[in-house]
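For reference, the structure is listed below as structure tokens.
For the single chain, residues carry numbers from 1 onward in sequence order.
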Amino acid sequence: NEAATLDAWRFLEKSFREGRARALGVANFRVSQLASLWEHAEVKPSFQQVRWSLYEPAEAELSDTQSLMAWCAEHGLRTVVFFALNPGAFPLPALQDPHVVALAKQYHCTPARVILRYLIEMGF
């Protein structure tokens, strides 16, 4: 809930002011949550961490991700992804995906580099 988020953020701001943290960030916030925090925060978050998987970006989610990334860019937040190489993902690990492996062979690099390059092209 918004009140609990703001209470937690106030505690983080205090820690930041006391020198216990060099930067503050959030994880998996939607645009509406970020906008609310941005409006009320004295110390703005400097990054947004989001979960991303090669197999999950359905059209609606991709659209949401792009609007989230646009909002973050507009407000100077860095976007950081985790779970990008998803070693235990369904239906198979991204590093073993036949499309990724084929691109890696084509470009003479590792499957991990293909995925990381894709993320860079996406703006992460």
Side-chain angles (χ1 to χ4, degrees):
N1 90 24
E2 186 176 339
T5 299
L6 291 175
D7 285 345
W9 192 257
R10 295 285 179 241
F11 177 80
L12 292 171
E13 288 176 326
K14 181 177 183 251
S15 296
F16 178 80
R17 280 191 215 91
E18 293 171 350
R20 291 189 213 160
R22 290 183 279 172
L24 300 179
V26 295
N28 300 318
F29 272 42
R30 293 187 170 92
V31 170
S32 60
Q33 294 169 306
L34 282 170
S36 175
L37 180 61
W38 200 263
E39 180 181 335
H40 296 96
E42 294 173 22
V43 178
K44 307 296 188 205
S46 58
F47 63 91
Q48 155 80 322
Q49 184 181 41
V50 295
R51 184 177 186 274
W52 183 89
S53 169
L54 183 64
Y55 299 110
E56 291 178 11
E59 287 302 316
E61 290 173 2
L62 186 58
S63 173
D64 290 347
T65 300
Q66 289 168 339
S67 65
L68 174 66
M69 290 174 55
W71 194 96
C72 288
E74 183 179 318
H75 291 83
L77 269 77
R78 299 280 313 219
T79 304
V80 179
V81 299
F82 69 95
F83 205 62
L85 301 178
N86 51 346
F90 176 82
L92 73 158
L95 297 174
Q96 297 172 9
D97 183 282
H99 299 94
V100 173
V101 171
L103 286 168
K105 286 180 183 176
Q106 178 181 344
Y107 291 105
H108 308 288
C109 64
T110 65
R113 281 192 79 167
V114 169
I115 293 168
L116 294 174
R117 180 62 191 196
Y118 176 72
L119 290 170
I120 290 168
E121 294 293 325
M122 290 282 296
F124 287 112

Atom [atom1] of [X] and atom [atom2] of [Y]: how far apart are they, to the nearest 0.5 Å?
X: Trp38; Y: Glu74; atom1: CH2; atom2: CD; result: 10.0 Å
X: Gln48; Y: Arg30; atom1: CD; atom2: CZ; result: 11.0 Å
X: Thr5; Y: Leu12; atom1: OG1; atom2: CG; result: 10.5 Å

field: Set of residues satisfying side-chain hydrogen bond (donor to acceptor under 3.5 Å, both in side chains) with respect to Arg113, sequence neighbours excluded
entry: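 For Arg113, no residue satisfies side-chain hydrogen bond (donor to acceptor under 3.5 Å, both in side chains) once neighbours in sequence are set aside.
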Under 4.5 Å between any side-chain heavy atoms of [X] and [Y], yes or no?
X: Val50; Y: Val80; value: no
X: His40; Y: Arg10; value: yes
X: Phe16; Y: Phe11; value: no
X: Phe47; Y: Leu77; value: no
X: Pro45; Y: Phe29; value: no

task: Start with the C-alpha distance between Thr79 and Leu68, add both sets of side-chain angles, then the distance that settles side chain to side chain contact (heavy atoms under 4.5 Å, CB included), and finish with yes or no.
output: CA-CA 9 Å; Thr79 304; Leu68 174 66; over 6 Å; no
- prompt: So which heavy atom on Val114 is nearest to which on Cys109, and how close?
  reply: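 Smallest interatomic distance, heavy atoms only, reads CG2-SG, 3.7 Å.
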- prompt: Between Leu34 and Cys72, what is the shortest heavy-atom contact and its length?
  reply: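 Closest approach of Leu34 to Cys72: CD1-SG, 3.9 Å.
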Near [X] [atom1], under 6.0 Å, is it more than 12 heavy atoms from other residues, nucleotides or ligands?
X: His75; atom1: NE2; answer: yes
X: Lys44; atom1: NZ; answer: yes
X: Arg17; atom1: CZ; answer: yes

message: Would you say Val100 ends up clustered with Val81 if hydrophobic residues are merged whenever their side chains have heavy atoms under 4.5 Å apart, either directly or through other cluster members?
response: yes
query: With the 4.5 Å side-chain cut-off for hydrophobic clustering, are Val26 and Val31 part of the same group?
result: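 In one cluster: yes.
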task: Would you please test Ser36 and Glu2 for side-chain hydrogen bond (donor to acceptor under 3.5 Å, both in side chains) and show each step?
output: CA-CA 8 Å; Ser36 175; Glu2 186 176 339; 2.6 Å; yes
query: Got a donor-acceptor contact below 3.5 angstrom from the Ser46 side chain to the Leu24 backbone?
result: yes
- prompt: Distance-only, no hydrogens or angles: does the Glu13 side chain make a donor-acceptor pair with backbone N or O of Val43 under 3.5 Å?
  reply: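 Between the backbone of Val43 and the side chain of Glu13 there is a qualifying donor-acceptor contact (under 3.5 Å).
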